[in-house]
Amino acid sequence: MLITKLSKQGKYKVQVELDEEYAFFLYTKEIKRLGLEEGDELSEQLIEEIYRLILFPRAKEKALSLLQYRNRTKKELSQKLLQNGYPQDIIERVMFFLDEYHLIDDEAYTRSFIELNSRRKSRRQMEHDLSLKGITKEMFMRIWEEQEDDPEERSLKEQIEKRVRVKGMIDDKNFQKFFSYFARKGYSPAMICRLLKEYQSE
């Protein structure tokens with residue numbers, strides 16, 4: 001493959017284009033050590049060595065650093081590495097490594113997310129938030145159904161109690177306002193009505 005362009009990015013990074021397409025980035029000292037120049041033809045063997053000896057260890061270290069800061073889903077971590085300029089092939093190798101050593105686990109992430117957020121978010125809100133992080137609806141529902149009690153109902157009860165303390169008791173005049181407030185949060189209309197009536201009767 002032909003090096004069609006070497007573009008300096010900042011003080012130390014160099015963006016490498018092969019056959020007029022972005023391929024990867026290296027540091028200036030690595031460019032010099034490898035003796036790379038525009039117009040050079042790179043063999044598949046040399047490209048693989050760059051991937052294996054330079055890019056993969058660097059991307060792996062970056063991924064581990066990101067996971068040390070906080071847990072992430074595979075999609076989140078992949079996007080972060082992509083934003084940092086790593087090619088898709090390297091990202092896939094890193095994901096395989098993390099999977100192999102159980103360092104990233106979307107199911108565990110989903111369970112933890114539900115546990116941490118079920119007291120303040122509806123099932124629909126959590127499902128939406130997790131979908132943006134790459135968690136499928138099937139995985140979410142399977143883990144949701146593993147819960148011993150209904151976390152959504154528990155969450156709604158706690159939020160109704162909190163709102164009653166702030167806004168006062170539920171009566172015929174403010175029932176619709178209470179209903180609309182929780183409906184906007186994504187709770188089931190049937191569940192909202194049932195629980196509001198329970199608190200209204202009390």
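For reference, positions follow the sequence shown, starting with 1.
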Expected output: side-chain [X] to main-chain [Y] donor-acceptor under 3.5 Å:
X	Y	value
D171	N174	yes
N117	F113	yes
E17	Y22	no
N84	K80	yes
S180	Q176	yes

Do the side chains of [X] and [Y] join up, straight or via other hydrophobic residues, at under 4.5 Å, putting them in one cluster?
X	Y	result
L66	L64	yes
I170	L156	yes
V16	I91	yes
Y51	L82	yes
L46	L55	yes

For the residue pair F179 and F175, is the inter-centroid distance of their aromatic rings smaller than 6.0 Å?
no

Please tell me if the side chains of [X] and [Y] come closer than 4.5 Å, counting only heavy atoms from C-beta onward.
X	Y	value
I114	I143	yes
F56	F97	yes
L18	T4	no
L34	L26	yes
E30	I54	yes
K29	Y12	no
M169	V164	yes
K74	K133	no

For the [atom1] atom on [X], are there more than 12 heavy atoms of other groups (residues, nucleotides or ligands in this structure) within a distance under 6.0 Å?
X	atom1	value
E61	CD	no
Q68	CD	no
E115	CD	no
E100	CD	yes
E21	CD	no
Q9	CD	yes

Supply the atom-to-atom distance [X] [atom1] to [Y] [atom2], rounded to the nearest 0.5 angstrom.
X	Y	atom1	atom2	answer
K162	K167	NZ	NZ	12.5 Å
D106	E76	CG	CD	9.0 Å
T73	I104	OG1	CD1	6.5 Å
R93	K60	CZ	NZ	12.5 Å
I160	F182	CD1	CZ	5.0 Å
L98	R72	CG	CZ	12.0 Å

Electrostatic pair [X]:[Y] at N-O distance under 4.0 angstrom:
X	Y	answer
R142	E107	yes
K32	E37	no
R111	E146	yes

Nearest heavy-atom pair of [X] and [Y]: which atoms, and what distance?
X	Y	answer
D40	G35	OD2-O, 3.4 Å
L2	G39	CD1-O, 3.2 Å
G168	F178	O-CZ, 3.7 Å
P87	A23	CB-O, 3.5 Å

Cut-off 3.5 Å, side chains only: do S118 and R154 have a donor facing an acceptor?
yes

Would you say the side-chain atoms of E127 and S131 include a donor-acceptor pair closer than 3.5 Å?
no

Taking it one step at a time, do M191 and R123 satisfy side-chain contact (heavy atoms from CB on, under 4.5 Å)?
CA-CA 12 Å; M191 184 187 294; R123 180 190 60 76; over 6 Å; no

For a side-chain contact (heavy atoms from CB on, under 4.5 Å) check, start with the C-alpha distance between K13 and K8, then their side-chain angles and the critical distance, and finish with the verdict.
CA-CA 6 Å; K13 283 185 177 181; K8 199 162 185 182; over 6 Å; no

According to the interplanar angle, ranging from 0 to 90°, do the rings of F25 and Y27 count as parallel (below 30°), tilted (30 to 60°) or perpendicular (above 60°)?
perpendicular

Identify which one of Q159, R124, Q125 satisfies the side chain to side chain donor-acceptor pair (under 3.5 Å) criterion when paired with Y187.
Q159

Take L81 and M95 through the test side-chain contact (heavy atoms from CB on, under 4.5 Å) and record every step on the way to the result.
CA-CA 10 Å; L81 292 176; M95 291 301 113; 4.1 Å; yes

